[in-house]
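The chains referred to below are lettered A, B, ... by the order of the sequence lines, with proteins before strands, and numbering in each begins at 1.
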Number of protein chains: 2
Amino acid sequence: MIAAFYQNKDKHYVAVDCIIMGFRDNELHILIAKRPFEPLLGGWSLMGGFVNEFESINDAAKRVLDEFTGIEDIYMEQVGAFGDVNRDLVRVISIAYYALVDIEKFDTSLAEKYDARWAKITQLPELIFDHSLMVKNTLNLLQRRAAVKPIGFNLLQEQFTLPTLQSLYESIYQEAIDKRNFRKKILAMDILEKLDEKDKSSSRKGAFYYRFIKEKYDQLIQQGLHFSI
Amino acid sequence: MIAAFYQNKDKHYVAVDCIIMGFRDNELHILIAKRPFEPLLGGWSLMGGFVNEFESINDAAKRVLDEFTGIEDIYMEQVGAFGDVNRDLVRVISIAYYALVDIEKFDTSLAEKYDARWAKITQLPELIFDHSLMVKNTLNLLQRRAAVKPIGFNLLQEQFTLPTLQSLYESIYQEAIDKRNFRKKILAMDILEKLDEKDKSSSRKGAFYYRFIKEKYDQLIQQGLHFSI
DNA sequence: AGTTACAAGTGTAAATTAAACACTTGTTTT
DNA sequence: AAAACAAGTGTTTAATTTACACTTGTAACT
């Protein structure tokens, strides 16, 4: 009876495609790879994989993320399902996830293995299928999310300077931010801890390191206040 | 060669589930139906259907919307893919879409045919599978969208009063809005046209009807301004 | 005809938030 | 000792949001 109901329904290939984002040289980057098989062999593509029979789509995304970055416990969020593309010969319904990773933790040996590279989001090549659209939607979503949730820190190492943090947000919003206003706002939330060390790699004076303190953020929320940059 | 690559991949049942929203009696309503087949026969569910082999997922959603409402050209937007539910016996990946309809255009004969009814969003029964989660995510998405896009008008008839429009937004945001501030804001955008007729169904004085003028909205956008309520 | 009931309709002031803006500091290099 | 240079710092103005209470128009009732 049950089997009978499903029996005449079509089944589909379902893939996950991951928009893996990293931050380097004051710019957002996305991990892309040369596609190793047909159709569109050699085209630039996002990192993806097929969903297995008894696997949740979230688990599939996690598996793919781990496979291509060597990092577990990655911050990720679904972007949406894409299925209107007329892929050659076979139609695949693809569910896109974006992920924010600390690019320093990235296992670079995997880049060789998969012929992958980090491309600046402002200078992405044309991607296959609807992958360019996925990236566009992701940036949109990220801009809205990063404005109200402290997810940007996932793109940084544990310690970071305020100039770096600011340039991260500038890269996400793709617009300049006033230095004084930015500092005022982020520090007013009292969710960062200032450290004693300085990063002297980009100035003689050096910039103090800060850390994001999750507990302080939770406290902020508990007080009915909100993160906002 | 190509076939060989896909050959060993699993295929999945893919459905669309539609959160069909209407506005009535100053409250958002959602169309739900008693499920007519196993598993979970008799449980309250969203309106859904399976995606056909050569159909885009958007088209599948449109088809389902038309089937259950009798309305074509419905405003709809994807909410996301849901696939982590352990559905009895068979796993189905479902892509949720929300739709905003003028409840007056709804073909009520379909309600009988499908054993469907409009339920207040504040008083929804427990829904099957992850449908309750879909509704929750939809309300979230709708709150963010309705704040910056003039999509709320899809829930109203062509002519509507400002008190009605306000109560629509109150129902979407689930919070009271100050009457004067609301009117100030919506009228300042100059996207509505005031008509000469009044609606006297809810007061002796009567409230003037207004119409949303898409051309005026386009003009607003062209000026670099934004819709915002 | 006058009164009542009642939602529709209207404006201003205060508070908050966002935006604009330029100089000083600390450290290394020359 | 001077130069170079990014890090760091406050205040003022503008814009936006919030709070708040009375008048108006019409139908129903007496």
Using the rule given for salt bridge (charged side-chain N to carboxylate O under 4.0 Å, His left out), can you reason through A:K214 versus A:D218, listing the C-alpha separation, both sets of side-chain angles and the distance that settles it, and then say yes or no? CA-CA 6 Å; A:K214 175 132 192 343; A:D218 291 340; 3.0 Å; yes
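Protein atom CD1 of B:I186 is 13 Å distant from nucleotide atom P of D:dT17, rounded to whole Å. Atom CG in B:N181 sits roughly 14 Å away from atom P in C:dT12 (whole-Å rounding). Rounded to a whole Å, the CG atom of A:D199 is 15 Å from the C1' atom of D:dG8. Distance, A:F182 CZ to C:dA19 C1': 16 Å, rounded to whole Å. In this structure, OH of B:Y209 is placed 12 Å from P of C:dG9, rounded to the nearest angstrom. Atom pair A:K184:NZ and D:dT9:P shows a separation of 13 Å (rounding to whole Å applied). Separating the CZ atom of B:F160 from the C1' atom of C:dA8 is a distance of 16 Å, rounded to the nearest angstrom. Between the CG atom of A:D178 and the C1' atom of C:dC23 there is a distance of 14 Å, rounded to whole Å.
A side-chain contact (heavy atoms from CB on, under 4.5 Å) with B:L100 is found for exactly one of B:L156, B:L142, B:L28, B:I19, namely B:L142.
If you find the closest nucleotide of DNA chain D to A:T161 and to B:K185, the one lying nearer the 5' end belongs to A:T161. Mapping A:R180 and A:S228 onto DNA chain C by nearest heavy atom places A:S228 at the nucleotide closer to the 5' end. Toward the 5' end of DNA chain D, the nearer of the two residues A:R204 and A:K194, judged by each one's closest nucleotide, is A:R204. Take the nearest nucleotide of DNA chain C for B:L187 and for A:K179: the residue whose nucleotide is more 5' is B:L187.
Of all the heavy atoms in A:F68 and A:I20, the pair that sits closest is CB-CD1, 4.5 Å.
Atom CG of B:N137 sits about 11.0 Å away from atom OG of B:S132, to the nearest 0.5 Å. Separating the CE atom in A:M134 from the OH atom in A:Y98 is a distance of 15.5 Å, to the nearest 0.5 Å.
Among the protein residues, B:K198 comes within range of the sugar-phosphate backbone only, with heavy atoms under 4.0 Å from sugar or phosphate atoms but none that close to a base.
Between B:R183 and the phosphate of C:dT10, there is a side-chain N or O to OP1/OP2 separation shorter than 4.0 Å. Between D:dA27 and B:K200, a contact under 4.0 Å exists linking OP1 or OP2 to a side-chain N or O.
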